[in-house]
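All chains are named by letter (A, B, ...) in the order of the sequence lines, taking the proteins before the strands, and each is independently numbered beginning at 1.
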Amino acid sequence: MFKIATWNVNSLRVRLPHVLDWLDAERPDVLALQETKLQDRDFPLDAFRQRFYHALHAGQKTYNGVAILSRLPISLIADSFPGFDDPQRRVLHAQAGAIQVLNIYVPNGSEVGSERFEYKLRWLGHLRRYTAGLIAAGAGFAVVGDFNIAPAPEDVHDPATWEGRVLFSMPEREAFSGLLQQGLVDCFRIFPQAPGGYTWWDYRAAAFRRNLGLRIDHILASPALADRCRSCRIDTGPRGLERPSDHAPVMAEFET
DNA sequence: ATGGTAGTTCAACTA
């Protein structure tokens with residue numbers, strides 16, 4: 001089995017102990033990280049090397065930053081979408097063993113109708129064009145990361161309240177379903193899941209304790225890869241630790 | 001339409 005995981009760590013500097021403990025416990029073949037908030041020179045490469053992980057990082061000071069850790073040697077395919085010159089580091093596409101991983105940190109969008117929201121939709125348009133190219137090329141790949149989109153009412157603790165708000169608005173959900181229409185498969189929904197499966201909980205108002213969350217972190221598989229998916233689950237464990245990220249890791253296993 | 005918390009950086013911004 002080949003295990004792929006994704007985790008928005010909201011500062012790798014602060015979360016490194018959690019990430020290392022989790023790596024030791026789960027030993028995923030690939031772990032995609034978002035919001036490292038580090039420049040490349042501050043990336044803790046040695047800590048990962050000691051655990052026999054190769055790593056790539058597209059870093060940025062203060063905001064964003066994406067990384068891929070891999071037990072097999074990893075090679076960079078792209079760290080941006082062609083024709084979209086974006087100073088924000090949100091994309092890392094790499095070959096890890098036999099499969100390609102496209103790690104994304106989709107813009108949050110701030111508020112529906114805002115400048116940042118338009119940037120989010122524009123960004124999602126470039127993503128869609130990029131994945132269309134990968135599918136046309138017949139690549140076996142996974143698109144993983146923080147999509148900042150809850151695709152359906154089952155992915156939202158209170159859909160009525162969230163209706164029309166950023167992370168759950170129709171334009172965002174349509175962008176997500178556009179990816180599924182291309183043939184990408186939401187691995188979490190391949191399998192029966194207990195209700196209330198979320199990946200993000202606001203730090204405020206004891207949201208995690210009350211499970212007031214959203215499922216906005218996803219693992220999408222290309223058609224051929226999806227046929228080999230054998231499990232997908234959210235690990236809420238790290239969200240309950242001291243000084244947690246506001247996101248939980250998601251992982252999927254694929255027949256090799 | 002605001003508040004609640006967290007991270008980075010140092011008053012304010014992003015999430």
Judged by modelled atom types alone, do A:His157 and A:Trp162 share a side-chain donor-acceptor pair under 3.5 Å? yes
In whole angstroms, how far is the C1' atom of B:dT8 from the CG atom of A:Asn64? 12 Å
Starting from C1' on B:dG7, measure out to CD on A:Gln39 and report it in whole angstrom. 15 Å
Hey, does the side chain of A:Arg243 come within less than 4.0 Å of B:dT5's phosphate (OP1/OP2), counting only N and O? no
Quick test of your reading of the model: are A:Glu253 and A:Lys3 salt-bridged, counting only N-O distances below 4.0 Å? no
Nearest to side-chain heavy atoms of A:Tyr63, which nucleotide of B:dC13, B:dT8, B:dG4: B:dC13
5'-most contact on DNA chain B: A:Pro244 or A:Ala205, nearest heavy atom basis? A:Ala205
B:dA15 versus B:dT9 - spacing of their C1' atoms, nearest Å: 15 Å
Would you mind reading off the distance between A:Arg15 atom CZ and B:dA6 atom P, rounded to a whole angstrom? 10 Å
Starting the side chain at C-beta, find the nucleotide from B:dT5, B:dT8, B:dA6 nearest to A:Arg204. B:dT5
Do the side chains of A:Asp246 and A:Arg204 get close enough for a salt bridge, i.e. N-O under 4.0 angstrom? no
Value in whole Å for how far the C1' atom of B:dT9 lies from CD of A:Gln60: 15 Å
For nucleotides B:dA11 and B:dA1, find the distance between their C1' atoms and express it as a whole number of Å. 23 Å
Test item: side-chain donor near acceptor, A:Asp146 and A:Gln34, under 3.5 Å: no
State, without any angle test, whether A:Asn10 and A:Ser245 hold a side-chain donor-acceptor pair at a distance under 3.5 Å. no
Between CZ of A:Phe208 and P of B:dA6 the distance, given in whole Å, is 14 Å
What is the separation between atom CG on A:Asp202 and atom P on B:dA15, rounded to the nearest whole Å? 14 Å
So A:Tyr105, base contact, sugar-phosphate only, or nothing? Heavy-atom distance under 4.0 Å. sugar-phosphate
Using whole Å, report how far CD of A:Glu35 lies from P of B:dT5. 19 Å
In whole angstroms, how far is the C1' atom of B:dT9 from the CG atom of A:Leu38? 14 Å
Nucleotide nearest A:Thr62 (side chain, heavy atoms from C-beta), chosen from B:dA15, B:dG7, B:dT8: B:dT8
Closest approach to the side chain of A:Ser11, judged atom by atom: which nucleotide of B:dA15, B:dT8, B:dA6 is it? B:dT8
A:Leu12 or A:Gly109: which one's nearest nucleotide on DNA chain B is closer to the 5' end? A:Leu12
